[in-house]
Peer 1: 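Please read through the structure below; I'll follow up with questions.
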Amino acid sequence: MDWKGTLNLPKTDFPMKANLTEREPKFLEFWEKEKIYQRILKKRANAPSYILHDGPPYANEHIHLGTALNKILKDIIVKSKSMAGYKVPFIPGWDCHGLPIELKVEQELGVKRGELPPLMIRSACKKYAEKYINIQREEFKRLGVFAKWDTPYLTMDFSYEAVIAREFLRFLETDQVYRRKKPVFWCPNCVTALAEAEVEYELHKSPSIYVKFLLTEETQKFLNNFLNIKIFEPISILIWTTTPWTLPANLAIAFNPDLDYLLIKWDEEYLIVAEGRISALCAELNKDLPKIISRFKPKELENKKVYHPFYEKESLIILADFVTLETGTGIVHIAPGHGEEDYQIGLKYNLEIYVPVDQEGNFYPHIPLVGGLNIYKANEIILEALKKREKLFYYDTIEHSYPHCWRCKNPIIFRAEYQWFISMSAKNLREKALKNIENVKFIPSWGKNRLSSMLEKRPDWCISRQRVWGVPLTVFKCSNCGEYLKEYKYYEKVIKTIEKEGCDPWFEKPSNELLPQNTTCPKCGNPNFEKEKDILDVWFDSGVSFAGVLEKIPELRFPADLYLEGSDQHRGWFHSSLLCSVGTRGVAPYKEILTHGFVVDAQGRKMSKSLGNVIHPQDLIEEYGAEIIRLWVSAEDYKNDIKISKEILTRLVEAYRKIRNTCRFLIGNLYDFNPKKDLISFEKLPEFERYILYRLSKLIDKVKKSYEKFEFHIVYHEIHRFCVIELSSLIIDINRDYLYCEKPKSFKRRATQTVFYYALDSLVKLMAPILSFTAEDIWQNLPYEKEEISVFLTDFPSYSFELTEKEIQKWEKYLELRTEFLKPLEIARKDKKIIGSSLEAEMFVKADSNLIPYLSNNSFWEYFLMIAKFELKDFLPKPNKNKEVYYISEEIKGLEINVKATSFKKCERCWQRRPEVGTLEIPDLCQRCYEVIKFL
RNA sequence: GGGCCUAUAGCUCAGUUUUAGGUUAGAGCGCACGCCUGAUAAGCGUGAGGUCGGAGGUUCGAAUCCUCCUAGGCCCA
């Protein structure tokens, strides 16, 4: 007789194989069609809101794993906060302006900067950004991310552009903006400023010259005194440079305050150089060691003077940390208009940002000696002049890495141009920003230190760019007296225009059409004005998103609860947002900042084309499904670098299957269970079932707390572990007999189903923020009536199944004992080969008195160990070594175990070995099954 | 070169700070071996894996505190 038909075997259509790649789109469709995210928001309409403000990704390429990771983390938060009872309106955004797109567009059109009218470039840029916004939006959606995809914020929206301009004007009218020269990369051939991204480094042959700067009489007098020497012959300070043409712009020479310098006599000349360069110089200049007169620290020389090598003027001696012993003489010639470091140190010493070179690389006509000459021609003239005046100590040429223009491939120069700045000090922006982040919570906590140390050191913010794809610096300048209009009243019309038509009118309309009628200069009364040509740094665009989004959209709120980005954004968006917000609102735009690391390969190295270790999310979706990417995001601790590799993914797929299959088993065994009628109250449940439910409520607590703390890897680990241990290994394995073999409506079976019901209900909700597709899949396959049409409309479970401390301890002891009992069973199976299934085993146990209370219920242990017979004995007879196992526990003192094969016959229905099998009316069956069969 | 951060079994993570540094360092997976064949491209069990990146130091005692080094990441120069 085949008894299988009399069993209550699991039934479900929920497939074991996830087939994620194929099935995921169906759930996406379901969410979209049923407007699930909108429904969630509607359901939480009156709930307290949680504002996670999306940092806008740049719309110029497909998403990569980093962008995917970031958005999935945000999605996990949106979903978990929502299921924890908050209203979470999530407005995605895109950063649209800026150089990378403008460059890409120029490249695609095959034009150089300035070759096309700004409006044409701008329109092409807009199209380009739109294209990638649409691509990225679909890619984000494909990952299962919930958001208001139909109403994102774009920094190129007219309304947003108007906000950018308005916020800039707030800085302007509060006197936090100023204009000053600053060196930038400059291509004299293309007659344009270059961004760092437009610079290529290539080998270039330059002059290498050592130039003497003669001490002034006063300085020499001081030095004689200072070093206690008497030298009346000329003393010179030796510097090294590869750009003789910057010497006309020289305003200072810099020593490193920490280095030692020497006064030496070399070829009858008195010179000053760094001690650490002497031997290198001897080799380089092919000279013998000099005679050393004196050694000194340069601090005392600060603010003393030397003579310019060929102009009738003086140059200042200053101190600068960036001077090194790597090359040259340890003393650096400073031209603040022609180098970044020169500029910075120039600001410190209040030097002029002096630029004698025009935009095409020619000296202005009035400059002595080199006026009107191109810088390369000037190099020759300057060399001649130096020789003539005996200021050239040594001349050579070197080949070194030098910046070139990526378009015309010519060498470029550093040249100061007027730029706009937001002052860190005018209105105490730095101090205010530092003060405000004290109230911000950082995860991880070191983020605060990182952000504040950047704020402490950063220079004034250069916000102007000489480009067209962006929001203009809306400033009018009086054409007569040069006065800038600062009051907002002059700009209301411009802002309104931008709101309606975008920024194009600024580029095409004359200023009198943008200004209010009859505007005249408040200073000189002149009616004509010039528009500023530069545009704003894109970091300003996204930096004011609190104004363009949080303040603008009614369901949002300023400040936000959370900003969540990669750790690079300490210098980026966290930073610019803070400055913009503090500078105009006086407070930080966020209450909490969460940062994640970067995606790296198995060895912890960054992903790069050259290393060939780049993994694309698109490929992973195709091979594994988006769900596995989501699981990966959750499983890794994002506070550090986040590794990804084939092995990691394989492990995750396996873990995924375990979770899925466990749920499948629960579903399959609840096909005839109606929670409304069949649920058994916790108090009435048997002990083991109560213990599992207690463990379940511990899991729920832990998982909910971990979501709150944004520790998603804990969520993943806990859920997975619960499926493996409490469910699969314990209650499913042990109670399977009840499910299959007892009467369908029996207490034992319903009790087990009750546990299954709670476990499944909890798991599906707890996993939903991470395993969104699978949770929805499970939800749709629940065999009983559902409270909502989507799992995302439900709340996290809040069951609390408590046991007394005594009960908990007892069960921990039971499990400890169980582990010990399984060991001799395994020996019986593997070594002695006397049993296969544990059901074939009989176990006899001798134990110390302290263990007796746990072991006195024989039938419980038969059930709990799934064996044929368990007996507690006072004494164990000598075992037959071939046919029995005798085992003394090492872990639990005083526990001796004897295992042998049972002689009981197997019940053909439930496969248990029972003494009564063969003695009943139906000899195939055990007593229990006999009764069940009779009942059926 | 500077600032910040990271380094625990093959993999992913606990344990380290603020409940004071304390006996043989934990979990799950994977692996090996065995079992089951009524979750079956499933399930159960047992076992082997770590000088806690390296070297010093503090201490009776350190994965945990200090110093240095190595490798890697982010941001600057």
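All values below come from the heavy atoms of this structure, side chains included, with hydrogens, waters and symmetry mates left out. Note on naming: letters A, B, ... go to the chains in the order of the sequence lines (proteins, then strands), and numbering restarts at 1 for each one.
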Peer 1: Report the residue from A:Leu594, A:Leu564, A:Thr595 that forms a side-chain contact (heavy atoms from CB on, under 4.5 Å) with A:Tyr638.
Peer 2: A:Leu594

Peer 1: Assign each of A:Gly836 and A:Val600 to its nearest nucleotide of RNA chain B by heavy atoms, then name whichever residue's nucleotide is nearer the 5' end.
Peer 2: A:Gly836

Peer 1: Go nucleotide by nucleotide along RNA chain B from the 5' end; which of A:Leu7 and A:Asp568 gets its closest nucleotide reached first?
Peer 2: A:Leu7

Peer 1: Kindly indicate whether the side chain of A:Ser728 and the base of B:A39 share any N or O donor-acceptor pair separated by less than 3.5 Å?
Peer 2: yes

Peer 1: Please give, in whole Å, the distance from B:G28 P to A:Glu636 CD?
Peer 2: 19 Å

Peer 1: Compute the ring centroids of A:Phe673 and A:Tyr784, then answer whether they are less than 6.0 Å apart.
Peer 2: no

Peer 1: Kindly say whether, by distance alone, the side chain of A:Arg657 makes a donor-acceptor pair under 3.5 Å with the base of B:A42?
Peer 2: no

Peer 1: Round to a whole Å and report the spacing from CZ of A:Arg605 to P of B:C74.
Peer 2: 13 Å

Peer 1: Counting any heavy atom closer than 4.0 Å, what does A:Lys833 reach on the DNA or RNA strands: base, sugar-phosphate only, or nothing?
Peer 2: nothing

Peer 1: Given the structure, check if the side chain of A:Arg450 and the base of B:C74 hold any donor-acceptor pair shorter than 3.5 Å.
Peer 2: yes

Peer 1: What integer distance in Å separates A:Phe574:CZ from B:C74:C1'?
Peer 2: 12 Å

Peer 1: Nearest whole angstrom, please: distance from the C1' of B:U12 to the CG of A:Leu652.
Peer 2: 7 Å

Peer 1: Can you tell me, in whole Å, how much space there is between the C1' of B:C36 and that of B:U6?
Peer 2: 45 Å

Peer 1: Using the C1' atom in both, what is the distance from B:U51 to B:A55, to the nearest Å?
Peer 2: 13 Å

Peer 1: Using the P atoms only, state how far B:A25 lies from B:A48, rounded to an integer number of Å.
Peer 2: 14 Å

Peer 1: Taking the C1' atom of each, how far is B:C13 from B:C52, in whole Å?
Peer 2: 14 Å

Peer 1: Between B:A9 and B:G15, how far is it from one C1' atom to the other, in whole Å?
Peer 2: 14 Å

Peer 1: Within the structure shown, what part of the strands sits under 4.0 Å from A:Arg660 by heavy-atom distance: base, sugar-phosphate, or nothing?
Peer 2: nothing

Peer 1: Whole-Å distance between B:G30 C1' and A:Glu647 CD?
Peer 2: 8 Å

